[in-house]
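The structure presented is a predicted model; accordingly, all values stated were derived computationally and were not measured.
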Amino acid sequence: MGLLDGARAIVTGGASGIGRATARRMTEEGAKVAVLDFDGDGAEAVAKEIDGFGFQVDVGDPDALRQVVDAAVAELGGLSLLFNNAGTSGFGRLEEIEPAEWERVLRVNLTGVYAGFRAAIPHLRANGKGAIVNTASISGTRPAAGEGPYSASKAAVAALTATAALEYGPHIRVNAVSPGMIRTTMTKPLLDVFPQQIDRFDRDTPIGRIGEPEDIADVVVFLCSDLARFITGQNIVVDGGLTLHGSGVDGIFNLVFGGG
């Protein structure tokens, strides 16, 4: 018997990394999963792995996301779980960040979560109960220099999570996870450009290593399951203890910009 037997779930940003790992874990625990991603081919590939459904969508387009969520729910036969996971990153000095770049990051990371709520909550209400998990970040709880748009968007996701928990309880629980340094397609460029940082992450993380997508997926599955039946409105930091020493990417700003 799985933790999510009979559940019907949507995972955004499900084509790779944390989203892919979570779609797989949800399926292993008995859920039927629809994988949504801007990379439609990637979404289809993951869907084939888990015998689910794949859809291409830009989560920053609320109307398009609503249409795709409706289509996914029709395939699933209902909806009980939503993992608002799609995200993007950015790095730079605040005064040098162009408005278009600012808007790009917030459009995906924050508007995408709002759009997920807007599209999915009517279906969750129709189901009678449900759970939502949003991907925030340690950059929202302990920002580093250079992360302006990204950290602001992720802090806002945590606030939006609390608001939604108040609005939709008791029948829909809403929580967030804040990953630390995790090996994903998003963090690969950082680790490739600054390979010396791998030793720092290993050294400064009390658990002694960089995280893997499965480390987050297991927490998401827990929050979606009845084991977390009395947990809502929370932002769960899953970073191996990294932020006990400060922000996640301490020092990167100085390496890029020379500390000026």
Could you tell me which non-hydrogen atom of [X] sits nearest to which non-hydrogen atom of [Y], and how far apart they are?
X: A9; Y: L76; value: O-CD1, 3.6 Å
X: V35; Y: A23; value: CG2-CB, 4.2 Å
X: L81; Y: A7; value: CD1-CB, 3.7 Å
X: L106; Y: P149; value: CD1-O, 3.6 Å
X: R183; Y: I198; value: NH2-CG2, 4.1 Å
X: S89; Y: V105; value: O-CG2, 4.0 Å

What about [X] and [Y], same hydrophobic cluster or not, with Ile/Leu/Val/Met/Phe/Trp/Tyr joined at side-chain heavy-atom distances under 4.5 Å?
X: F201; Y: F91; result: yes
X: F38; Y: F55; result: no
X: V69; Y: M26; result: no
X: V219; Y: M181; result: no
X: V237; Y: L223; result: no

I'd like to know if [X] and [Y] make a salt bridge, using a cut-off of under 4.0 Å between side-chain N and carboxylate O.
X: E28; Y: R24; result: no
X: D199; Y: R203; result: no
X: K32; Y: D51; result: yes
X: R173; Y: D226; result: no

Look only at the side chain of [X] and the backbone of [Y], and say whether a donor-acceptor pair between them is shorter than 3.5 Å.
X: T232; Y: V174; result: yes
X: E147; Y: A144; result: yes
X: T163; Y: A159; result: yes
X: S153; Y: Y150; result: yes
X: N175; Y: I231; result: yes
X: D37; Y: G40; result: no

Worked verdict on T205 versus I210 for side chain to side chain contact (heavy atoms under 4.5 Å, CB included): CA-CA 8 Å; T205 302; I210 292 174; over 6 Å; no
Does some side-chain heavy atom of [Y] sit less than 4.5 Å from a side-chain heavy atom of [X]?
X: N85; Y: T22; value: no
X: F83; Y: I18; value: yes
X: I207; Y: R209; value: yes
X: L36; Y: L65; value: yes
X: D61; Y: R107; value: yes
X: D239; Y: P179; value: no
X: R142; Y: L244; value: no
X: Y168; Y: I121; value: yes

Between side-chain atoms of residues 122-133 and protein atoms elsewhere (two or more places apart, or another chain), which donor-acceptor pairs fall under 3.5 Å?
residue, atom, partner, partner atom, Å
H123, NE2, D70, OD1, 2.7
N127, OD1, R8, NH2, 2.8
N127, ND2, K129, O, 2.6

Between [atom1] on residue [X] and [atom2] on residue [Y], distance to nearest 0.5 Å:
X: Q197; Y: T187; atom1: CD; atom2: OG1; result: 12.5 Å
X: T12; Y: D58; atom1: OG1; atom2: CG; result: 11.0 Å
X: S178; Y: I138; atom1: OG; atom2: CD1; result: 8.0 Å
X: E29; Y: D218; atom1: CD; atom2: CG; result: 8.5 Å
X: L227; Y: L4; atom1: CG; atom2: CG; result: 9.5 Å
X: T111; Y: R118; atom1: OG1; atom2: CZ; result: 11.5 Å

N109, N235, N84 screened by side-chain hydrogen bond (donor to acceptor under 3.5 Å, both in side chains) with N134, the one that passes: N84
More than 12 heavy atoms of other groups within 6.0 Å of H171 NE2: no
Within 6.0 angstrom of Q196 CD, more than 12 heavy atoms from elsewhere: yes
